[in-house]
Amino acid sequence: SARPGASLRRGTMPRDGADPVGGIFGAFTSLEEIPTGVLILPLAYAARNIEWDTGLVDVLQRSLATVTILVIALSSYVRTRITRNPRRREEMWIDPQTYTKATREQNYMPLCKVVREDFELNELWDTQRGIFLGVFVAMFVPRYFGIYQPLLFQIVLIPVSFVRHRLFRMYVLGVNYGNPWNAVPDEEAKEKLAEHAEAVSNKTIKERVLQEIDPQRAATAQQGLSEADQELHDSLEEKVVKVAKASRKDIEPLVELCSKTTSNVIDAKMVDLQVKAGGYTLLMALAQFRLAQTAKLMKLLLEAGAKCDVADEDGWTALHWAAFNGSVQATEVLIEHCRKADSLKATLAAPARDHATPLEVARAEAAGNGKDGQQVVALLEKAG
């Protein structure tokens with residue numbers, strides 16, 4: 001037999017909190033938790049040995065018609081109450097999977113905004129549609145197949161399916177649910193939508209970076225997400241290598257390359273990506289330059305989560321690289337960030353594989369780096 005209200009599979013919400021009513025009203029509320037199959041079983045058992053004569057069938061058909069008219073009348077009453085509810089024009093954030101009229105675009109979102117009146121009227125229509133389907137089946141099957149059990153089933157299931165829906169309990173029984181449709185508060189909704197937008201943005205960023213690499217490699221990457229991630233990793237690694245090996249003679253193209261690579265690794269959330277051959281990061285590569293522009297890019301990387309204590313295969317950190325190259329502004333950025341992160345002491349004392357600290361490297365290279373080298377030594381000595 002058809003299940004009246006089957007379309008409520010998405011509209012029926014889980015109960016939020018303790019049962020708000022007691023006694024017979026509490027029994028109505030608990031019906032929401034009972035599967036339809038459980039309600040059918042005792043009826044099916046009772047109907048096993050019934051002799052379906054013309055008189056009994058006629059009585060059941062009249063009873064079904066009466067029940068249907070009563071439920072339709074109650075549905076009309078509920079509709080009136082919905083349209084007169086003072087809160088009917090409230091907007092609420094709900095799971096689109098609970099809203100049968102959600103568009104395809106809304107179904108891709110974690111939440112969608114609906115007007116309460118529109119949502120509840122749609123719920124009511126879904127209920128009525130299930131009732132009409134149940135009545136049709138109950139009348140059609142006996143006439144053409146000689147099976148009369150659906151008549152008995154629907155006489156019970158049609159009112160039960162309606163009574164156990166929240167709309168009936170809210171607008172007929174007067175049950176007060178604080179949040180009947182599990183709506184999400186505005187602030188929480190904004191956070192969830194922002195997280196979703198960020199996830200979508202990351203996917204778009206990966207696609208954009210893949211467009212910049214060799215077409216054949218990009219085509220290979222489309223074979224699967226893991227391969228695409230690997231291609232993205234390899235592409236960004238190549239860019240970091242280019243930064244590390246970039247010529248210092250032409251400042252403008254150098255800064256452009258560094259800026260674009262910094263933006264890409266931040267967008268892809270790979271700020272600590274380490275090059276396979278050497279193990280160095282973009283932060284280390286930028287630390288070698290004595291430029292205000294690259295120092296600002298280092299600050300952006302650190303603010304995006306880059307770690308200044310990451311070491312390459314020789315045990316050198318970004319601070320070792322800054323000290324080796326006499327990069328005053330890079331050293332200042334790293335010291336300031338480590339101080340705020342409460343990791344300055346450990347970073348200053350971090351030994352390389354040859355046991356050299358950043359300060360020892362700076363002293364060893366001070367003569368070759370001129371005034372900048374001396375200034376880096378002074379900064380590290382003061383910080384320590």
Side-chain angles (χ1 to χ4, degrees), residues 195 198-199 201-210 212-213 221 225-246 254-289 291 293-325 327 329-353 356-358 361 380 383:
E195 291 173 0
E198 183 178 1
S201 175
N202 287 340
K203 181 179 179 181
T204 304
I205 289 164
K206 290 180 180 181
E207 293 174 350
R208 174 166 56 81
V209 174
L210 287 173
E212 298 178 2
I213 66 178
L225 180 59
S226 59
E227 293 184 17
D229 286 340
Q230 185 61 51
E231 290 293 332
L232 173 61
H233 182 283
D234 293 345
S235 173
L236 293 176
E237 183 178 340
E238 290 177 5
K239 293 179 184 297
V240 173
V241 172
K242 287 182 180 180
V243 170
K245 297 181 177 180
L254 169 63
V255 171
E256 183 179 354
L257 172 64
C258 293
S259 179
K260 186 174 182 180
T261 304
T262 300
S263 176
N264 283 343
V265 299
I266 290 176
D267 288 345
K269 297 188 181 301
M270 294 185 181
V271 289
D272 285 323
L273 180 147
Q274 290 183 272
V275 174
K276 293 176 184 176
Y280 57 88
T281 66
L282 179 59
L283 187 67
M284 298 176 196
L286 293 175
Q288 67 181 317
F289 301 118
L291 298 172
Q293 298 95 319
T294 52
K296 290 180 180 179
L297 295 176
M298 289 177 64
K299 192 171 183 179
L300 290 177
L301 280 173
L302 292 166
E303 289 173 351
K307 298 180 178 63
C308 52
D309 59 351
V310 174
D312 62 16
E313 63 180 17
D314 291 323
W316 276 35
T317 65
L319 195 55
H320 281 90
W321 281 90
F324 180 79
N325 288 281
S327 305
Q329 290 167 309
T331 302
E332 290 175 336
V333 167
L334 290 167
I335 290 175
E336 180 184 1
H337 177 81
C338 291
R339 182 178 286 116
K340 290 180 180 179
D342 199 24
S343 60
L344 179 59
K345 185 176 180 181
T347 304
L348 290 172
R353 288 178 61 182
T357 65
V361 171
L380 292 173

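Residue indices begin at 1 and follow the sequence shown.
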[X] side-chain N/O to [Y] backbone N/O, donor-acceptor pair under 3.5 Å:
X: Gln274; Y: Ala311; result: yes
X: His337; Y: Leu334; result: no
X: Asn264; Y: Leu236; result: no
X: Thr347; Y: Ser343; result: yes
X: Thr262; Y: Cys258; result: yes
X: Glu238; Y: Ser235; result: no

Quiz item: What residues form a salt bridge (charged side-chain N to carboxylate O under 4.0 Å, His left out) with Lys296, not counting sequence neighbours?
Solution: none
Quiz item: Around Glu313, counting heavy atoms of other residues, nucleotides and ligands shown, do more than 12 lie under 6.0 Å from its CD?
Solution: yes
Quiz item: Counting heavy atoms not belonging to Trp316, are there more than 12 under 6.0 Å from its CH2?
Solution: yes
Side chains of [X] and [Y]: closer than 4.5 Å at any heavy-atom pair?
X: Thr317; Y: His320; result: yes
X: Cys308; Y: Leu319; result: no
X: Val255; Y: Phe289; result: no
X: Val310; Y: Met284; result: yes
X: Leu283; Y: Met298; result: yes
X: Thr294; Y: Val243; result: no
X: Lys242; Y: Thr261; result: no

Quiz prompt | Glu336 and Lys340 ion-paired at < 4.0 Å | solution = yes
Practice problem: Taking all heavy atoms of Ala352 and all of Asp314, pick out the closest pair and write down the distance. | Solution: CB-O, 3.5 Å
Self-check item: Leu380 versus Pro358, closest heavy-atom pair with distance
Solution: CD1-O, 3.7 Å
Exercise. Under the side-chain contact (heavy atoms from CB on, under 4.5 Å) rule, collect the residues that match up with Arg339, sequence neighbours excluded.
Key: Ile335, Leu344, Ala383
Quiz item: If you measure from CD on Glu256 to CD on Gln293, what distance do you get to the nearest 0.5 Å?
Solution: 12.5 Å
Practice problem: Given side chain to side chain contact (heavy atoms under 4.5 Å, CB included), test Asp234 with Lys276 step by step and report yes or no. | Solution: CA-CA 10 Å; Asp234 293 345; Lys276 293 176 184 176; 4.1 Å; yes
Exercise. Could you check Leu254 against Leu291 for side chain to side chain contact (heavy atoms under 4.5 Å, CB included), going step by step and ending with a plain yes or no?
Key: CA-CA 10 Å; Leu254 169 63; Leu291 298 172; 3.8 Å; yes
